[in-house]
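Just so you know, these numbers come straight off a predicted model, no measurement behind them.
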Amino acid sequence: MGLQALFFYLFAFVAVASAFMVISARNPVHSVLFLILTFVNAAGLFLLTGAEFLAMILLVVYVGAVAVLFLFVVMMLDIDFAELRSGALKYAPIATLIGVVVAAELVLVIGGSVISPEAMNAVTMPIPALAERQNTAALGDVLYTNYVYFFQLAGLVLLVAMIGAIVLTLRHRTNIKRQDISRQVARTPATAVKVVKVKPGQGV
């Protein structure tokens, strides 16, 4: 067993174990920490395959932004997780169906070479050798030429999801003052200015 194979099994084992702990940990903060550990080991697997750009993106974007944001949100918000778990059983049937579908897709993807050995030779855009083209440049060529519309569509889906999350979580509180721009623009001198006539010696 070479050194590269040893690191592969190490990263793979820690990644699978930490991914299992993400869904089994009772403390949400611990789940986020195990999620960060999963991302770090997945980045190590990307490095072993020569995809250093994907490894750095995984660390910078997911670990440095998304997972840390989840951690701060979970720690700062007072969320009643017991109440959230109480209604989880009613979603068990649909969750089981989705899990079976995802498991079937994983079996087809992983076992595709066994079911159809000629599928490995049907790659339309093989990865060029590192001596000819760096993988970062090759990834950019594929994303921004052949799959540019799908890339833009994915960005549009993320934008719609972000707007939907903001709309669903927006709560207007009635006990605070808010700025109403249309009301401010529609003001007239008659409604904005009040002339008070003060008699001499009385003051305001």
Side-chain angles (χ1 to χ4, degrees), residues 1-116 119 135 139 150-151 153-171:
M1 180 183 297
L3 188 61
Q4 185 174 1
L6 179 63
F7 276 106
F8 170 78
Y9 287 114
L10 176 63
F11 289 144
F13 175 76
V14 177
V16 173
S18 56
F20 177 76
M21 291 303 298
V22 170
I23 61 175
S24 61
R26 302 184 64 87
N27 193 332
V29 178
H30 295 167
S31 296
V32 178
L33 293 176
F34 280 118
L35 181 63
I36 294 175
L37 182 60
T38 306
F39 286 151
V40 171
N41 286 274
L45 292 175
F46 278 129
L47 282 177
L48 290 178
T49 57
E52 70 278 356
F53 176 75
L54 295 179
M56 293 302 104
I57 288 296
L58 187 63
L59 290 179
V60 172
V61 176
Y62 286 95
V63 176
V66 178
V68 176
L69 177 63
F70 286 165
L71 181 61
F72 278 104
V73 168
V74 170
M75 292 177 63
M76 294 178 63
L77 296 181
D78 188 12
I79 303 175
D80 190 0
F81 291 97
E83 183 179 355
L84 292 178
R85 294 191 186 97
S86 61
L89 292 178
K90 63 180 180 180
Y91 300 107
I94 185 66
T96 304
L97 178 61
I98 294 175
V100 170
V101 172
V102 173
E105 291 178 351
L106 289 175
V107 170
L108 290 177
V109 171
I110 297 174
S113 59
V114 178
I115 299 173
S116 178
N135 58 43
L139 182 62
F150 297 101
F151 184 76
L153 183 61
L156 182 62
V157 170
L158 292 176
L159 176 63
V160 173
M162 181 181 65
I163 295 175
I166 294 174
V167 171
L168 291 175
T169 57
L170 184 62
R171 297 291 183 269

Show the numbers, then the answer: is there a side chain to side chain contact (heavy atoms under 4.5 Å, CB included) between L37 and N41?
CA-CA 6 Å; L37 182 60; N41 286 274; 3.4 Å; yes
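- For S31, there are no side chain to side chain donor-acceptor pair (under 3.5 Å) partners at least two apart in sequence or on another chain.
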Cut-off 3.5 Å, no hydrogens considered: what does the side-chain donor-acceptor table look like for residues 65-72, sequence neighbours left out?
none

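- Residues passing the side-chain contact (heavy atoms from CB on, under 4.5 Å) test with L106 are V102, sequence neighbours excluded.
- Sorted by first and then second residue, the ring-ring contact (aromatic ring centres under 6.0 Å, His included) pairs involving residues 15-38 (not counting sequence neighbours) form an empty list.
- How far CG of L54 is from CG of L47: 10.0 Å, rounded to the nearest 0.5 Å.
- Partners of F39 by ring pair (Phe, Tyr, Trp, His ring centres under 6.0 Å), not counting sequence neighbours, listed by chain and number: Y62.
- Distance CG/L158 to CD1/I163: 11.5 Å, rounded to 0.5 Å.
- The shortest non-hydrogen separation linking F11 to L48 is CD1-CD1, 3.8 Å.
- In this view, F53 satisfies the ring pair (Phe, Tyr, Trp, His ring centres under 6.0 Å) rule with no residue, not counting sequence neighbours.
- Note: E52 CD to I57 CD1 = 11.0 Å, rounded to the nearest 0.5 Å.
- Shortest non-hydrogen contact noted between A43 and L58 is N-CD2, 3.4 Å.
- Minimum heavy-atom separation, L35 to V22: N-CG2, 3.4 Å.
- Listed by chain and number, the residues in a side-chain contact (heavy atoms from CB on, under 4.5 Å) with V60 amount to none (sequence neighbours excluded).
- Once rounded to the nearest 0.5 Å, the distance linking CZ of F8 with OG1 of T49 reads 9.5 Å.
- Residues meeting the side-chain contact (heavy atoms from CB on, under 4.5 Å) test with A19, sequence neighbours left out: T38.
- Every side-chain contact (heavy atoms from CB on, under 4.5 Å) that I94 has, sequence neighbours left out, goes to Y91, L97, I98.
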